[in-house]
J.: 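Following this message is one structure expressed as structure tokens.
Every value quoted in this text rests on a predicted model; they were computed, and no experiment measured them. If you read the sequence from its start, that first residue is 1, and numbering goes on from there.
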Amino acid sequence: MLLLIVLSNTVFYLYAADHGPSGWHPVDGSVLDSVVQFAMVVGLDLRTFPMFAFLFGYGMMRLYQRQTEAGTAPKAAVALLRRRSLWLFVFGAAHAALLMAGDILGVYALISVVLGWLVLRRTPRTMLVVAGVLYFLLVALTALTYLEFVGGGDASADVPSAVAYAAHETNYFASVGTRLETWLLGSTLLGSLFSFSFHAAMVLGFWAARRRVLEEPRRNLRLLTTTAILGVSVGWLGGLPIALDHVGLLSIPAAAHGPNGPVFMWQVMTGLPGGLGYAALFGLLAMWLSERARRGVVVNAVAALGKRSLSGYLAHSVVFSPVLAAWGLGLGAHLGSASVAAFAVLTWLVTVAGAYALELSDRRGPAEALLRRLMYRDAASR
């Protein structure tokens, strides 16, 4: 799943490429670049972030359950989760300021503070109702963007995402200001208010953790299988017309593209089931490997990274930004979609190797260790 995230983040660094009206993927490059762009639009764009929101919610519920099972009062357990979320917001702010404006920790942190307070202790039925209402709001918001487009609105991007994310800045200190502005205003605040796919995915994560869907996949086999098949199908079919337009095989008006347009919102709306489908698919894969005792070095190494996902996620930017951004080595100006995707895979492999080394020495990831220390130090001080 972290590999999908790092691949999704590659578009923020191709600052010298020509971008279309979406401001997202380049529209130039080789045939291989077009193939990679097509695959990413279909399978990754706005699909990986709700997947991680689901897992974020799942982890919150499991932490809450472990705390209450150990004798912690429910209100105290929620307070601990709130402290965790607030520290993650600090992590996200530092991540954005120092390296990457596309940080997702900040928006997840703010959403989780509210949902942890309002929804975490509700019944499973209530959680499903809340998730349904949130998805309805997403559909309604998508319909409004379409009506605005039909009425003559132009949603095409003013600047490419790579520029908004400061990859083009040659001065590092200037890039800090640009990144913080994009992260705080464009991603975190607006995202925490209107990213209903993230809200819904997180609530569904609460619900799934109550049922221990990922820990007990055999007992939830029908749910996982149905979600994987339907979710991935909806996600891919939803992205298909956008991908065909991107490679010139379909024509969607330029005014429909952009960060607030109907094309973007369509991707968000179909991305939620796509992200849930990926989570279910990987749950089924884990069950298959476990039942066949196929726990070799490769599987153990990837699992080690999963246990250190926060460190792995931040490590992507530690490698990417200094190497690809203009204020660093500037390699992003010389790569295309295919070559930067290859670089992303290599970066992910480095994090897998590092996580496995930590696993062999029985050590937490550095980010996880710091977050745990801050969480429980604050708890102890109260």
Side-chain angles (χ1 to χ4, degrees), residues 1-5 7-8 39 42-66 108 112 115 119-120 122-135 138 196-240 267-296 298-307 309 312:
M1 297 186 192
L2 282 167
L3 175 59
L4 301 185
I5 285 285
L7 284 168
S8 297
V42 169
L44 293 184
D45 286 1
L46 303 168
R47 279 111 182 86
T48 55
F49 298 129
M51 173 188 70
F52 253 70
F54 170 83
L55 294 173
F56 192 102
Y58 197 103
M60 279 183 65
M61 177 59 77
R62 293 298 294 125
L63 179 56
Y64 172 80
Q65 289 173 323
R66 287 195 295 269
Y108 288 176
S112 65
L115 293 181
V119 184
L120 190 71
R122 305 301 177 186
T123 65
R125 182 186 180 91
T126 300
M127 291 177 184
L128 290 178
V129 171
V130 170
V133 170
L134 289 167
Y135 192 70
L138 174 60
F196 297 122
S197 66
F198 292 176
H199 296 72
M202 200 172 292
V203 172
L204 289 172
F206 295 165
W207 176 85
R210 281 273 186 91
R211 291 187 54 162
R212 299 180 66 86
V213 169
L214 296 181
E215 288 103 327
E216 300 175 5
R218 176 58 63 183
R219 187 169 65 87
N220 295 280
L221 185 58
R222 177 177 295 182
L223 174 64
L224 286 170
T225 303
T226 302
T227 303
I229 293 173
L230 292 181
V232 173
S233 297
V234 170
W236 286 9
L237 289 173
L240 183 59
Q267 283 284 70
V268 173
M269 192 175 70
T270 58
L272 175 57
L276 297 175
Y278 283 150
L281 183 63
F282 286 121
L284 290 171
L285 177 61
M287 181 190 71
W288 182 80
L289 290 169
S290 297
E291 291 183 348
R292 286 156 180 78
R294 299 191 178 187
R295 294 279 298 188
V298 173
V299 174
N300 287 330
V302 174
L305 180 58
K307 292 165 63 177
S309 57

J.: Once you round to the nearest 0.5 Å, how far does CE of M269 lie from CZ of F196?
T.: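 The CE atom of M269 sits 14.0 Å away from the CZ atom of F196.
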J.: Which side chain to side chain donor-acceptor pair (under 3.5 Å) pairs, counting each pair once, include a residue from residues 46-57, with sequence neighbours left out?
T.: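 Qualifying pairs, neighbours excluded: S8-T48, R47-Q267, R47-T270.
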J.: Quick one: closest heavy-atom pair of V213 and N220, and the distance?
T.: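 For V213 and N220, the tightest heavy-atom pair comes out as CA-ND2, 3.5 Å.
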J.: Kindly give the heavy-atom pair with the smallest separation between S197 and L272, and that separation in Å.
T.: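 Nearest pair, atom of S197 first, then L272: O-CD1, 3.6 Å.
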J.: Quick check for you: to the nearest 0.5 Å, what is the distance between F52 atom CZ and L2 atom CG?
T.: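 One finds 4.0 Å between CZ of F52 and CG of L2.
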J.: What closest approach, in Å, do L120 and M61 show between heavy atoms, and which atom pair accounts for it?
T.: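 So the minimum-distance heavy-atom pair works out to O-CE, 3.3 Å.
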J.: Is Y58 reaching over with its side chain to a backbone N or O of L214, donor-acceptor style, under 3.5 angstrom?
T.: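 Such a contact is found between Y58 side chain and L214 backbone.
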J.: How long is the span from the CZ atom in F206 to the CE atom in M60, to the nearest 0.5 Å?
T.: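 With rounding to 0.5 Å, CZ (F206) is 4.0 Å from CE (M60).
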J.: Heavy-atom distance under 4.5 Å between the side chains of P273 and Y135, does that happen here?
T.: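 P273 reaches Y135 side chain to side chain.
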J.: Nearest 0.5 Å please: distance from the CG atom of L276 over to the CG atom of L204.
T.: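 L276 CG to L204 CG: 6.0 Å, rounded to 0.5 Å.
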J.: Any side-chain heavy atom of F282 sitting closer than 4.5 Å to one from L4?
T.: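 A side-chain contact under 4.5 Å exists here.
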J.: Using salt bridge (Lys or Arg N to Asp or Glu O under 4.0 Å) as the criterion, list what pairs up with R219, not counting sequence neighbours.
T.: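 Residues passing salt bridge (Lys or Arg N to Asp or Glu O under 4.0 Å) with R219: E216.
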J.: Quick one, P124 and R211 - any side-chain contact, counting heavy atoms below 4.5 Å?
T.: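 They are not in side-chain contact.
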J.: At their closest point, which heavy atom of F56 faces which heavy atom of M202, and how far apart are they?
T.: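 Nearest pair, atom of F56 first, then M202: CD2-CE, 3.9 Å.
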J.: Please give me the minimum heavy-atom distance between L115 and H199, naming the atom from each residue.
T.: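 The answer is CD1-O, 3.7 Å.
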J.: State which residues pass side chain to side chain contact (heavy atoms under 4.5 Å, CB included) with A304; sequence neighbours excluded, sorted by chain then number.
T.: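 Only R308, A355, E359 meet the side chain to side chain contact (heavy atoms under 4.5 Å, CB included) criterion with A304.
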J.: Measure across P217 and G283 and return the closest heavy-atom pair with its distance rounded to 0.1 Å.
T.: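 For P217 versus G283, the nearest heavy atoms are CB-O, 4.4 Å.
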J.: Above 12 or not: heavy atoms from other molecules or residues under 6.0 Å from CZ of R122?
T.: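 Open: at most 12 neighbouring heavy atoms sit under 6.0 Å from CZ of R122.
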J.: Under the rule for salt bridge (Lys or Arg N to Asp or Glu O under 4.0 Å), what residues qualify as partners of R218, not counting sequence neighbours?
T.: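 If we apply the salt bridge (Lys or Arg N to Asp or Glu O under 4.0 Å) test to R218, skipping adjacent residues, the hits are E291.
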J.: Compare all side-chain heavy atoms of L285 with those of L281 and state whether any distance is below 4.5 angstrom.
T.: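 Not in contact.
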J.: Does A53 have any side chain to side chain contact (heavy atoms under 4.5 Å, CB included) partners at least two apart in sequence or in another chain, and if so, which?
T.: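 For A53, the residues satisfying side chain to side chain contact (heavy atoms under 4.5 Å, CB included) (neighbours in sequence not counted) are Y108, F198, A201.
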J.: Quick one: CH2 on W236 to CG on L44, what's the gap to the nearest 0.5 Å?
T.: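 Output value for this atom pair is 10.0 Å.
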J.: Anything under 3.5 Å between a donor and an acceptor, one on a side chain of residues 221-229, the other on a protein residue two or more places apart or in another chain? List them.
T.:
from: T225; atom 1: OG1; to: L221; atom 2: O; distance (Å): 2.8
from: T226; atom 1: OG1; to: R222; atom 2: O; distance (Å): 2.8
from: T227; atom 1: OG1; to: L223; atom 2: O; distance (Å): 2.7

